[in-house]
S.K.: 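Here's a structure for you.
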Number of protein chains: 2
Amino acid sequence: MSHKWVPNLSVDCVIFGFDADQLKVLLVERTLRTTDKKNIVFSDLSLTGYHIYEDEDLDSAAARIVKDLTGLDKLVLEQFYTFGSLDRLEHPNDKLWHEQFGDVFSHRVVTVGYFSLLPSTKVKIAQKDRVVRWYSVNEVQNMAFDHNQILEKALFHLRYKLQHDAIGLELLPDKFTLSQMQRLYEAVLGTSFDKRNFRKKVAQMNFVVPLKEKQHGVPHKPAQLYMFSRDIFMRTRKERPYFI
Amino acid sequence: MSHKWVPNLSVDCVIFGFDADQLKVLLVERTLRTTDKKNIVFSDLSLTGYHIYEDEDLDSAAARIVKDLTGLDKLVLEQFYTFGSLDRLEHPNDKLWHEQFGDVFSHRVVTVGYFSLLPSTKVKIAQKDRVVRWYSVNEVQNMAFDHNQILEKALFHLRYKLQHDAIGLELLPDKFTLSQMQRLYEAVLGTSFDKRNFRKKVAQMNFVVPLKEKQHGVPHKPAQLYMFSRDIFMRTRKERPYFI
DNA sequence: CCAAAAGTGTTAGACGTACACCCATGG
DNA sequence: CCATGGGTGTACGTCTAACACTTTTGG
């Protein structure tokens, strides 16, 4: 791997996570300081992205970026849209930011958007030099570059995938309860479901498998735990597309 | 417009058309001749694409390419996927083709795929220097570069759009019969529908509007003509997603 | 024994699917 | 009058949506 990057091509990854009852997204703080490093000019948030390398294809670049940030590989990672407006890096803050690098980014950069799903509890974020945190998707505003737009489009695709591919199960921990699953669907789709009807639907999804195990130490009736069988899902996905 | 193109970024347009009962795609002949121009080294087919210009965004590049080829603007034109494998231009024929241009394309080119829909009868193809024709999507094989793969992915998106956005109506002429519409859906989705059930569905789509007009000069009972009201479609699309 | 979330069935209406015959026209 | 595609209704089964109470645990 040469690590010589292509100046006008990047990949941005929208890493979604789910935690208790909120849909989260993993973001990096971008802080511009004065040259003496004493004062902050501005500070905002950006998606995790980087230029692609000359000898690396798009999917690998996305996988590398996610791996570097979370330490995880083998995530669901899917390309959803490519952004190439002429003005995508033209906000005043973005220009200041680029000046820091001697203006090497002055031309238009086309970025390929990928999204990734994982239970937010799975991640040990190990970054010394950058502040990386989970943010609730509802609370993020005024991100760097055109990243609000990219997040918006990623959300749209996530909602679609959740309804057509049942892929949202990637956002849950390995063992989960049906209530957690329902809260995930409600958080992502922004609706609410009837508990009984939701469970009837799930009962038809034979890739959601009950375990011989229940919750422990909860101050109420312990719930049945389930797992997602990727295997059964792959074998039966064609017979029937599942919707909630 | 500077017309200085970006060497590692292109747009490829998959232009779908529908004609009687076949789904077609507009392709360009790519013929490599020996330097004395007397003999043909090889000849195959490619999608219509070109590099983007430095001062042009992706959507505009796609619109320009379609306009140059068909003379039409204001088409449905939608980005569907971006292709950036390292080996996408590595087939022996593709290498020979590039050598013709003194190898300027020797690095990896990332291409953004767009698809476009129109009734194939609407197009007057006006190209002196290139052979451009409609081909049935079922009959095309061994296209240039990775264009088979791009067409495959475009087809997938077309099928999806047809079922979820009723956008396939763009493929029909301004006035059409319900049988034509049914043949379109059958050709694109590769299935067949019961005539009565299909018509019941269409009856629920209030953006498919009956005209005060019938077919003329057909050797059978003349069919009611319909039009697609983009206006009604836009106003009602949120209330209910339509599927066939 | 209280609070908290888990778990469970029925009914009415909408929708999907299967199926066969008569109609209007041009030649 | 024949060939061709246009046009129509019904019945059955499945899916959706609305709705309320009992259970099990920890504190």
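Order of the sequence lines fixes the chain letters, A, B, ..., with proteins taken first and strands second; residue numbering starts at 1 for each chain.
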S.K.: What one-letter contact string describes nucleotides 18-27 of chain D from 5' to 3', where B marks a base within less than 4.0 Å of any protein heavy atom, S marks contact via sugar-phosphate atoms alone, and - marks no contact?
M.R.: BBB--BBBS-
S.K.: Walk me through whether A/D57 and B/S85 qualify under side-chain hydrogen bond (donor to acceptor under 3.5 Å, both in side chains).
M.R.: CA-CA 5 Å; A/D57 67 29; B/S85 308; 4.8 Å; no
S.K.: Take the protein atom OH of A/Y226 and the nucleotide atom P of C/dA6, then report the distance between them rounded to whole Å.
M.R.: 11 Å
S.K.: Mind calculating the distance between CD (B/Q180) and C1' (D/dT4) to the nearest angstrom?
M.R.: 15 Å
S.K.: Between the side chains of A/Y114 and A/D59, is a donor N or O closer than 3.5 angstrom to an acceptor N or O?
M.R.: yes
S.K.: Please tabulate, one pair per line, all N/O donor-acceptor pairs under 3.5 Å involving side-chain atoms of residues 138-147 of chain A, not counting sequence neighbours.
M.R.:
unit_1: A/D146; atom_1: OD1; unit_2: A/R88; atom_2: NE; d: 3.4
unit_1: A/D146; atom_1: OD1; unit_2: A/R88; atom_2: NH2; d: 3.0
unit_1: A/D146; atom_1: OD2; unit_2: A/R88; atom_2: NE; d: 2.8
unit_1: A/H147; atom_1: ND1; unit_2: A/L47; atom_2: N; d: 3.0

S.K.: Sort and list the pairs that fulfil side-chain hydrogen bond (donor to acceptor under 3.5 Å, both in side chains) and have at least one residue in residues 14-28 of chain A, not counting sequence neighbours.
M.R.: none
S.K.: Which of these, A/L69, A/L27, A/T70, sits in a side-chain contact (heavy atoms from CB on, under 4.5 Å) with A/V132?
M.R.: A/L69
S.K.: How sharply is the helix from C/dC1-D/dG27 to C/dG27-D/dC1 bent, taking the axes over five pairs at either end and rounding to 10 degrees?
M.R.: 0°
S.K.: Only counting residues at least two apart or in another chain, list the ones meeting side-chain hydrogen bond (donor to acceptor under 3.5 Å, both in side chains) with A/R30.
M.R.: A/D44, A/D94
S.K.: Using whole Å, what does the distance between atom P of nucleotide C/dG9 and atom CZ of A/F198 come to?
M.R.: 18 Å
S.K.: Determine whether the aromatic ring centres of residues A/F18 and A/F16 are separated by less than 6.0 angstrom.
M.R.: no
S.K.: What's the CG-C1' distance between A/L225 and C/dA6, to the nearest Å?
M.R.: 12 Å
S.K.: To the nearest Å, give me how far apart CE (A/M205) and P (D/dC15) are.
M.R.: 13 Å
S.K.: I'd like to check the side-chain contact (heavy atoms from CB on, under 4.5 Å) partners of B/T177; sequence neighbours left out, ordered by chain and number.
M.R.: B/S179, B/Q180, B/Q215, B/A223, B/L225
S.K.: Just how far, in rounded Å, is C1' of D/dG6 from CG of B/L211?
M.R.: 16 Å
S.K.: Given atom CD of A/Q215 and atom P of C/dA5, what is their separation to the nearest angstrom?
M.R.: 11 Å
S.K.: Return the value, rounded to whole Å, for the distance between atom CZ of B/R199 and atom P of C/dC21.
M.R.: 19 Å
S.K.: Below 30° counts as parallel, above 60° as perpendicular, anything between as tilted: where do the rings of B/F228 and B/F207 land?
M.R.: perpendicular
S.K.: Under 4.0 Å: is that the gap between some side-chain N or O of A/S179 and OP1 or OP2 of C/dA6?
M.R.: yes
